[in-house]
Amino acid sequence: MPIATADLIDAVPDAPSCDTQFVHYGRKLKMEGRIRTVRVSGDNALVKQTLATPGAGAILVVDGGGSLHSALVGDLIATSALENGWGGLVIYGAVRDTAILQTLYFGIKALGSNPRKSAKSGAGDVDVPVGFGGITFTPGHYLYSDEDGIVVLPEPLEI
Ligand SMILES: O=C([O-])CC(=O)C(=O)O
């Protein structure tokens with residue numbers, strides 16, 4: 001049973017928790033793992049490319065600038081992430097194909113949805129620190145996410 005984020009914060013009161021309110025789109029509501037990141041603006045080629053590589057249990061945090069104008073992930077990219085061993089997705093932006101996403105046993109948090117697809121130029125950055133909701137998501141740090149929210153620590157808590 002993974003540690004609940006509320007218990008984690010009680011144990012480490014200074015741990016950063018994300019103020020952004022996300023919607024769960026996948027069936028898996030609890031996820032944890034090392035952080036990897038992508039920062040993009042209305043373009044999801046780097047998201048797709050990154051999630052096509054082995055995830056080794058990492059959580060991909062996608063900083064889409066909070067834009068809900070186009071979807072950064074749909075069912076094909078989410079399925080690819082699941083099949084490549086990613087631990088889950090936190091998307092500061094939109095998804096689509098949500099009826100299918102909710103059938104996947106995979107952690108997918110996003111701000112909302114939009115059926116419009118994103119551009120595919122490949123612009124953006126991979127594995128840079130990104131920030132939203134008052135906290136920084138640093139590649140290599142450890143992320144816990146559940147129904148209550150998201151907490152990050154430099155290293156997983158030893159209990
Ligand atoms: O390809 C895209 O832009 C997103 C999408 O629809 C999918 O992942 O199925």
ask   = In terms of hydrophobic clustering (I, L, V, M, F, W, Y; side-chain heavy atoms under 4.5 Å; direct or indirect links), are V61 and L68 co-clustered?
value = yes
message = Would the distance check show the side chain of D127 and the main-chain N or O of P139 forming a donor-acceptor pair, the cut-off being under 3.5 Å?
response = no
ask   = Does any N or O in the side chain of D146 come within less than 3.5 Å of the main-chain N or O of T5, such that one atom is a donor and the other an acceptor?
value = yes
key: Euclidean distance, H24 NE2 relative to K30 NZ, rounded to 0.5 Å   = 8.5 Å
message = Could you report the tightest heavy-atom contact between P129 and R39, atom names first, then the distance?
response = O-NH1, 3.8 Å
task = State whether the side chain of S67 and the backbone N or O of H69 hold a donor-acceptor pair below 3.5 Å, judged by distance alone.
result = yes
task = Just grab all the side-chain hydrogen bond (donor to acceptor under 3.5 Å, both in side chains) pairs involving residues 94-112, residues at least two apart or on different chains.
result = K109-S145
remark   = Nearest heavy-atom contact between S118 and G42 is CB-O, 3.5 Å
query = Does N114 reach the main-chain N or O of A71 with its side chain, forming a donor-acceptor pair under 3.5 Å?
reply = no
For residues 150-157, please give each side-chain donor-acceptor pair under 3.5 Å, one per line with the distance, not counting sequence neighbours.
residue, atom, partner, partner atom, Å
E155, OE1, R34, NH1, 3.3
E155, OE1, R34, NH2, 3.0

inquiry  = Counting only heavy atoms from other residues, nucleotides and ligands, does the tally under 6.0 Å from CD of E147 exceed 12?
reply    = yes
query = With no hydrogens and no angle check, is any side-chain donor or acceptor of T37 less than 3.5 Å from a backbone partner on V128?
reply = yes
ask   = Angle class for the F22/F132 ring planes (parallel below 30°, perpendicular above 60°, tilted otherwise)?
value = perpendicular
inquiry  = Using a 3.5 Å distance criterion without hydrogens, assess whether the side chain of E83 forms a donor-acceptor pair with backbone atoms of A81.
reply    = no
query = How does the hydrophobic cluster around F106 look, that is, which other residues are in it when side-chain heavy atoms under 4.5 Å mark a link?
reply = V23, Y25, V38, V40, L46, V47, L51, L60, V62, L72, V73, I77, L82, W86, L89, I91, V95, L101, L104, I108, V126
task = Establish whether I135 and L8 are linked, either directly or via other cluster members, by ILVMFWY side-chain heavy-atom contacts under 4.5 Å.
result = no
request  = Nearest 0.5 Å please: distance from the CZ atom of R36 over to the CD1 atom of I59.
outcome  = 12.0 Å
request  = Test side-chain contact (heavy atoms from CB on, under 4.5 Å) on K48 and L76 and set out the steps.
outcome  = CA-CA 9 Å; K48 182 175 182 179; L76 296 179; over 6 Å; no
ask   = Just how far is it from atom CG of D75 to atom OG of S80, taken to the nearest 0.5 Å?
value = 11.0 Å
message = For K117, I'd like to know if atom NZ has over 12 heavy atoms of other residues, nucleotides or ligands within 6.0 Å.
response = no
